[in-house]
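What follows is one structure encoded as structure tokens, with my remarks underneath.
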Amino acid sequence: MKRTASTSVLAALLLTACRSPEETRHAPVAASGSRPNILFVYCDDHATAALGCYGASHAPTPAIDALAAQGLVFDRAYCANAICAPARATVLTGRYSRANGVTTNAEVFDPASSTFPKQLQAAGYETALFGKWHLKSDPTGFDTWEILPDQGSYYEPDLHGPDGDRRVHGHCTEVVTDLALDWLREERDPSKPFCLMVQHKAPHRAWRADSGDFDAVEEGSLPEPATLFDDWSGRSAAASSTTMTIANDLYLEYDLKVPLVDGEPANGPDRWAKSVDGRMDAEQRAAWDAFYGPANAAFRADTPRGDDLVRWKYQRFLADYLRCVAGVDRSVARLLAELDELGLADDTLVVYTSDQGFFLGEHGWYDKRFAYEPSMRFPLVVRWPGRVEPGTRDAHLVQNVDFAATFCDLAGVAAPDGAQGASLVPLLTGDPPVVWRDAVYFRYEEVGIHDVEPHRAVRTDRYKLLRFDRLGASELYDLRADPDELVNLAERTEYAPLRRSLEEELERLTADFEAGGR
């Protein structure tokens with residue numbers, strides 16, 4: 001981005017870019033007389049580095065990659081807060097975290113909030129939600145819903161719905177998919193357009209795949225990120241003080257599937273690993289033992305040390321993560337096949353995305369939270385037959401705050417009250433507006449979990465500034481020259497004017513997007 005515009009002009013551009021959808025200059029979708037169905041497949045912690053359509057040749061994602069070939073891939077989609085509940089609240093309301101009231105995983109989402117499902121309902125859509133919710137209050141705005149309590153369980157998941165609670169046999173990804181397919185086939189009203197939200201737990205920690213996907217990925221030769229052994233030199237104390245490292249913070253039984261032996265203390269999540277895995281039935285347990293048993297015995301017999309141990313942990317973690325991704329990919333294949341079977345494919349906009357990205361060993365980490373690219377960036381693939389050019393990619397800066405405005409635009413109704421995003425429909429149809437945002441805003445506020453320091457960030461076309469207010473520290477990166485975010489330019493004299501400009505922009509975005517928040 002050429003930073004030659006004045007501060008006032010930049011501010012005007014940013015405000016214009018976030019106009020409500022009714023102000024966006026494109027032909028209303030509803031005016032064509034054909035409002036699309038919406039299938040929204042929403043995963044948890046699916047990084048772009050774990051998708052073939054984003055360049056990961058080792059990713060077991062043929063169905064999602066095929067969806068990408070049939071539609072549009074957004075190369076620069078960013079979350080506004082890289083953590084589960086705030087991301088979900090932002091998607092529903094189209095508002096940033098402080099404006100929607102969910103800034104961490106601790107808050108309860110206000111069920112009276114104005115959301116896009118409620119707007120779609122009012123416009124005659126039938127709405128349904130299945131899977132992970134994680135917002136503490138019961139869903140509103142849905143004609144049909146059944147959700148996982150809290151984070152949910154991978155094996156024999158419990159479900160909560162309007163009619164009470166129940167436990168369902170099977171793996172969570174399959175269970176959620178079955179619920180969605182049953183609704184499509186037997187329960188929906190075929191006279192109405194629909195919005196179906198399929199929200200998977202996978203591939204969230206602690207990466208327990210369906211036994212049918214154990215062989216989908218072979219650990220031991222998965223590619224390592226260049227920054228696996230990053231020492232965080234030159235960056236703020238925030239980077240070096242986290243407790244989410246591959247080297248030291250993955251737990252042996254809970255995360256790495258190696259049972260503790262007598263004398264080994266059960267610390268952290270290892271304390272409840274056996275109860276988590278105790279949900280497996282006899283068949284699941286047998287498959288688990290047959291798969292992990294020999295590899296775990298080899299590990300115990302010749303336990304690696306030093307960097308070799310880090311590499312072993314990385315291989316086990318990533319393989320298990322990708323095995324969960326394989327299950328999600330199969331879910332996508334089943335959902336798309338059902339749309340074809342029911343004759344709905346041509347009339348349905350399909351979205352595949354995630355609540356945020358995830359560190360897959362970059363900077364030596366797992367988890368998310370930070371405004372570095374692997375965490376802040378999420379996958380976004382959209383197919384819309386007849387409207388989206390197959391096999392295309394888009395480089396505009398888009399955010400999860402845009403989903404609500406987009407779906408309401410498709411339905412021909414106003415966005416939720418106070419929505420702060422912009423409709424993506426012009427980008428989908430290849431008719432982008434003259435003015436679009438030239439920066440995205442991010443704020444992470446949860447304290448204590450993985451010891452990630454609260455921070456704000458602004459990302460432009462080329463640069464990113466992270467501001468750790470409690471530390472009084474900043475980090476500045478030139479993403480074109482330094483895509484791995486290793487060289488902090490914040491204290492370099494020659495970058496002082498750029499830093500000041502980005503700091504001003506960050507304060508401006510903070511003021512604009514946190515209006516109405518606490």
When you check the gap from the basic side-chain N to the acidic O, do D277 and R208 get nearer than 4.0 Å?
yes
If you count heavy atoms of other groups shown closer than 6.0 angstrom to CD of E283, is the number above 12?
no
Can you tell me how far SG of C53 sits from CG of D75, rounded to the nearest 0.5 angstrom?
9.0 Å
Are D451 and R369 ion-paired here, with the side-chain N under 4.0 Å from a carboxylate O?
no
Identify which one of R167, R279, H169 satisfies the side-chain hydrogen bond (donor to acceptor under 3.5 Å, both in side chains) criterion when paired with E156.
H169
Check each of S354, C84, C79 against K368 using the side chain to side chain contact (heavy atoms under 4.5 Å, CB included) test, and report the only one that passes.
C84
Indicate, with yes or no, if the rings of F74 and H396 have centres closer together than 6.0 Å.
no
On a heavy-atom basis, which atom in L476 and which in N488 lie closest, and how many Å separate them?
N-OD1, 2.9 Å
Could you check whether the rings of F513 and Y441 sit parallel, tilted or perpendicular, using 30° and 60° as the cut-offs?
tilted
SB check D255 R316 (cutoff 4.0 Å)
no
Taking the side chain from T61 and the backbone from G52, do they hold a donor-acceptor pair closer than 3.5 Å?
yes
Could you walk me through whether L159 and L179 pass the side chain to side chain contact (heavy atoms under 4.5 Å, CB included) test, one step at a time?
CA-CA 11 Å; L159 294 172; L179 291 172; 3.8 Å; yes
Examine distances only and state if a side-chain atom of K313 and a backbone atom of A247 form a donor-acceptor pair shorter than 3.5 Å.
yes
Between F378 and H46, does the ring centroid distance fall short of 6.0 Å?
no
Q399-Y96 side chain donor-acceptor pair, cut-off 3.5 Å
yes
Short side-chain to backbone donor-acceptor contact, T406 and L424, under 3.5 Å:
yes
Cationic N near anionic O, under 4.0 Å, R330 to E174
yes
Ionic contact status for E507 with R467, cut-off 4.0 Å
no
Does the E475 side chain pair with the main chain of S236, one donor and one acceptor, at a distance under 3.5 Å?
yes
Checking D45 side chain against P203 main chain: does a donor-acceptor pair fall under 3.5 Å?
no
Validation row: R76, V440 side chains within 4.5 angstrom (heavy atoms)
no
Report the distance from atom CG of D469 to atom CD of E453, rounding to the nearest 0.5 Å.
9.0 Å
Do the ring centers of Y155 and H171 come within less than 6.0 Å of each other?
yes
Going by an N to O cut-off under 4.0 Å, is there a salt bridge joining R205 and D367?
no
Heavy-atom side-chain contact between F130 and L196 under 4.5 Å
yes
Roughly how far apart are D44 CG and Q151 CD, rounded to 0.5 Å?
6.5 Å
Donor-acceptor pair between T227 and D484 side chains, under 3.5 angstrom:
no
Give a yes or no on whether the ring-centroid distance for Y366 and Y321 is below 6.0 angstrom.
no
Relative to the ring of F214, is the ring of F291 parallel (under 30°), tilted (30 to 60°) or perpendicular (over 60°)?
parallel
Does this structure show an ion pair linking E503 with R499, if we count only N-O contacts that are shorter than 4.0 Å?
yes
Would N81 and R98 satisfy side chain to side chain contact (heavy atoms under 4.5 Å, CB included), going step by step from the backbone distance to the final call?
CA-CA 10 Å; N81 186 344; R98 285 208 169 188; over 6 Å; no
Is V452 close to E446 at the side-chain level, that is, under 4.5 Å between some pair of heavy atoms?
no
Backbone N or O of H204 within a donor-acceptor pair of the Y154 side chain at under 3.5 Å?
yes
Spell out, as yes or no, whether a donor-acceptor pair under 3.5 Å connects the side chain of D320 to the backbone of A206.
no
Please check if the side chain of H200 supplies one atom and the backbone of V328 the other of a donor-acceptor pair under 3.5 Å.
no
Please say which of Q356, R459, R377 ends up in a side-chain hydrogen bond (donor to acceptor under 3.5 Å, both in side chains) with Y78.
R459
Could you state the interatomic distance from CG (D270) to CG (L250), rounded to the nearest 0.5 Å?
10.5 Å
Spatial distance of atom CD (E514) from atom CG (L509) [nearest 0.5 Å]
10.0 Å
When rounded to the nearest 0.5 angstrom, what is the spacing between CG in L465 and CG in L502?
5.5 Å
Close side-chain approach of L498 and R462, heavy atoms under 4.5 Å:
no
Is there a side-chain contact between F109 and T93, using heavy atoms and a 4.5 Å cut-off?
yes
Side chains of S97 and R443: closer than 4.5 Å at any heavy-atom pair?
no
Any donor-acceptor N/O pair, E338 side chain to L336 backbone, under 3.5 Å:
no
In the structure I gave you, are the side-chain heavy atoms of I64 and V41 within less than 4.5 Å of one another anywhere?
no
Tell me whether K257 is salt-bridged to E219, with the criterion being a basic N under 4.0 Å from an acidic carboxylate O.
no
Yes or no on side chain to side chain contact (heavy atoms under 4.5 Å, CB included) for Y42 and T353, after CA distance, side-chain angles and deciding distance?
CA-CA 5 Å; Y42 195 48; T353 189; 3.6 Å; yes
So, does W232 use its side chain to make a donor-acceptor pair with the main chain of H363 at under 3.5 Å?
yes
Between E485 and R235, is the salt bridge (charged side-chain N to carboxylate O under 4.0 Å, His left out) condition met? List the steps.
CA-CA 10 Å; E485 299 168 293; R235 277 149 283 174; over 6 Å; no
Determine, stepwise, if the pair Y463 / E505 fulfils side chain to side chain contact (heavy atoms under 4.5 Å, CB included).
CA-CA 12 Å; Y463 298 103; E505 193 162 338; over 6 Å; no
Report yes if the side chains of R88 and V91 come closer than 4.5 Å at any heavy-atom pair, otherwise no.
no
